[in-house]
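Heads up, the thing below is written out as structure tokens.
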Protein chains: 2
Amino acid sequence: MTNIHDIARLSGYSVSTVSRVINHQKYVADEKRAKVEAIMRQLDYVPNRVARDLSNGRTKTVGVVMPYANHPYFARIIDGIVSAAFAAGYKITLLPTNYDMTIERRYLDQLRSKAYDALIFTSRSSSLETLERYRKYGQIVCCEDPGTDRTLAAAYTDREASYVNALRWAQAHGYQKMGVVLSRNNVISASTRVTRSAYQQVYGKLASRDLFVGAVTYEDGYRAGAYFASLNPSVDAIFTNGDDIGAGVYQYYLEHDLTPLPIIGQENLLSSRLCQFSTIDHHLEALGRAAFKLATGQTTTHELIKSEFIRR
Amino acid sequence: MTNIHDIARLSGYSVSTVSRVINHQKYVADEKRAKVEAIMRQLDYVPNRVARDLSNGRTKTVGVVMPYANHPYFARIIDGIVSAAFAAGYKITLLPTNYDMTIERRYLDQLRSKAYDALIFTSRSSSLETLERYRKYGQIVCCEDPGTDRTLAAAYTDREASYVNALRWAQAHGYQKMGVVLSRNNVISASTRVTRSAYQQVYGKLASRDLFVGAVTYEDGYRAGAYFASLNPSVDAIFTNGDDIGAGVYQYYLEHDLTPLPIIGQENLLSSRLCQFSTIDHHLEALGRAAFKLATGQTTTHELIKSEFIRR
DNA sequence: TTAGTTTATGAAACCGGTCCCAGGTCAAGC
DNA sequence: GCTTGACCTGGGACCGGTTTCATAAACTAA
């Protein structure tokens, strides 16, 4: 493989001069520039990316930490990140964790080893303290509100406000007993915390019988539907943590000849449109773009994305 | 930032010895190994990834070329690739093209610059000849059948057979006039070519009035539905290039109080389940995993993934 | 005419690792 | 006693670039 020294030798000029030509710097005589460029073309030469990254001390690569890639929630954020990265000439590396803290730690160590300039956590299992401890090795962005006493960069939606807004809307429409579906009943999960808090504000304390935990997929939603259908007295509407899950609830009622309850979903996916229920669109692409800008220091340390309640 | 030389100096041993400790090689005295490890821990040292990659001449990174990330077709393939890559200790970089050949070329040049060990084309705009020309700079995998005279590595599904199978099934069920929805009427698009060929085998020549071109999203499918509903005499079933598009067709008929036609979709997404139409599952995760294995030379040069017809 | 600036160039240090090779010790086998 | 091979160690070339610095010519302004 031909390298910069070959070009230098064959052109008769120094490595420095060749480097200047490569990087389009000034202070190179026109004739020399032309000759060097000719030889590079002739030898089919392309500068080695890794060597440049080593010398520059940065890779123009941002790692994106997520549990898995095939979930619409993460896919949409990733899409936003990727398009912003493309526009900025950055590369995006996907870092799946399957919610395993050990694996998250591995990626933090890769940040330490300069494999990435920054990390974006679209979800996390590690504590915010842990993330902050790695902050000195590169920018770290999380996709949730880290609270006021935290120093991490963050891009997040106005989840709590949007939940309260949607729940108040339901309440105003006469739905007094709201069931809730959550993914994980985990303190670290921002979504869980925020849902509980919003519910509290509108309906008061969330009774555990009105709560179904462990829903990530459509099938989980279907099981949630079975659960709520079995309740007596029943809830009269259901707040879910995702449209596909809401569609599962809906479908259970439909297939068992029950009148489907009003559902509030999230993410404005096709499923909520097909099943005709309301949803909260968190504008995840915008969230991803904002997160990327934070990662590369193009923005300040916090970015709030407005979400949108879509009534159906 | 502390480097291997600092560790060598502080431990009193040579860089070679430290390197051996880092890489868990033998031929290091136990006491020295222990001391070096202690010092590395004490100084919070992690070897620089980029320097290692440069020295090793490979990055353990595979680039995945795709038009965009937020489409279920690509998202599923990517998911398969990412999980296989994770298992093999490789990193995946996403390379969006928006179907732009110029941008594809840029990624091929990044392969040339050793930024990636291999490239996977989940879709392409460049010709196979172009890809083959870059083959000498690293492994290149495409996700379609390249034909017998091509040398490219490829992972693909038995598209044509599965299409023929699905169409025959429809024919046997009495549907004699099949409408078709395609994304792009482009010679380079394998899916277009194969759909036409399968149609030909079962129904004979595809009349242009029975074809709707330009469908990628649900909305496009909705427009396709409007088109087919306006036809007189009408088609009696519709073959679509994706479940979400099929759902659009279905929804158009539903919203206009027409009896929805039988639809054949693709990818076995939630939408085909919700709308209750048949679909061809191409097992895209498996396709992605196979593509990754080809990219890292764990498999031979071709891999055929069996698809599955799901009758509803 | 002289001092100061801009332009042009190459040598060499540097980024932070890997690894080949030469040199040395030590115990087993003949 | 001598050869052989396994074990251990460090020097230094190498991967392929960027960048600082010293040097010098050409040009500008006073």
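Below, chain A is the first sequence line, B the second, and so on; all start at residue 1.
Straight-line distance from the CD1 atom of B/Ile4 to the P atom of D/dG12: 17 Å, rounded to whole Å. In this structure, A/Asp6 places its CG atom 13 Å from C1' of D/dG17, rounding to the nearest Å. For A/Ile7 and D/dG16, the CD1 to P distance is 12 Å, given to the nearest whole Å. Nucleotide C/dG16 holds its P atom 17 Å from the CG atom of A/Asn48, rounded to whole Å. A/Lys114 places its NZ atom 13 Å from the P atom of C/dC15, with the value rounded to the nearest Å. Following rounding to the nearest Å, B/Asn23 (CG) and C/dC19 (C1') show an atom-to-atom distance of 10 Å. For B/His5 and C/dG17, the NE2 to P distance is 8 Å, given to the nearest whole Å. For the pair A/Arg20 CZ and D/dT18 P, the computed distance is 11 Å after rounding to whole Å.
With salt bridges taken as basic N to acidic carboxylate O contacts below 4.0 Å, none links A/Lys60 and A/Asp117. For the pair B/Glu132 and B/Arg150, the salt-bridge criterion is met [side-chain N within less than 4.0 Å of a carboxylate O]. In this structure, B/Arg106 does not pair ionically with B/Asp109, as no charged nitrogen and carboxylate oxygen lie closer than 4.0 Å.
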### Message
I'd like to know whether B/Ser113 forms a side-chain hydrogen bond (donor to acceptor under 3.5 Å, both in side chains) with A/Asn48, so could you lay out the CA-CA distance, the side-chain angles of the two residues, the decisive distance to 0.1 Å, and finally the verdict.
### Response
CA-CA 5 Å; B/Ser113 79; A/Asn48 183 298; over 6 Å; no
### Task
Decide side-chain hydrogen bond (donor to acceptor under 3.5 Å, both in side chains) for B/Gln139 and B/Thr296; before the verdict, give the C-alpha distance in whole Å, the side-chain angles of both, and the deciding distance to 0.1 Å.
CA-CA 7 Å; B/Gln139 178 64 294; B/Thr296 53; over 6 Å; no
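Taking every heavy atom of residues 49-61 of chain A and every atom of DNA chain D, pairs under 4.0 Å involve A/Ala51, A/Arg52, A/Leu54, A/Ser55, A/Asn56, by number.
Each of A/Val15 and B/Tyr13 was matched to the nucleotide of DNA chain D holding its nearest heavy atom; the match closer to the 5' end belongs to B/Tyr13.
Contact check, A/Tyr45 against D/dG17: a side-chain N or O comes under 4.0 Å of OP1 or OP2. An OP1 or OP2 oxygen of C/dT18 is reached within less than 4.0 angstrom by a side-chain nitrogen or oxygen of B/Ser19. Between B/Asn3 and C/dG16 there is a side-chain N or O to OP1 or OP2 distance below 4.0 Å.
Judged purely by atom type and a 3.5 angstrom limit, B/Thr122 uses its side chain to pair as donor or acceptor with the backbone of B/Val65. Within the 3.5 Å criterion, the main-chain N or O of B/His5 finds a donor-acceptor partner in the side chain of B/Asn3.
The base of C/dA8 has none of its N or O atoms less than 3.5 Å from a complementary donor or acceptor on the side chain of A/Thr17.
Side-chain contact between A/Phe121 and A/Met66 is absent, with no heavy-atom pair separated by less than 4.5 Å.
Residue B/Ser14 has its side chain nearest to D/dG11 when only D/dG11, C/dT18, D/dT18 are considered.
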Check the interface with nucleotides 5-8 of chain D: list each N/O to N/O pair with the protein under 3.5 Å, or write none.
residue	atom	partner	partner atom	Å
D/dC7	OP2	B/Tyr27	OH	2.9

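For A/Asn23, the CG atom is densely surrounded, since the number of other residues' heavy atoms within 6.0 Å is greater than 12.
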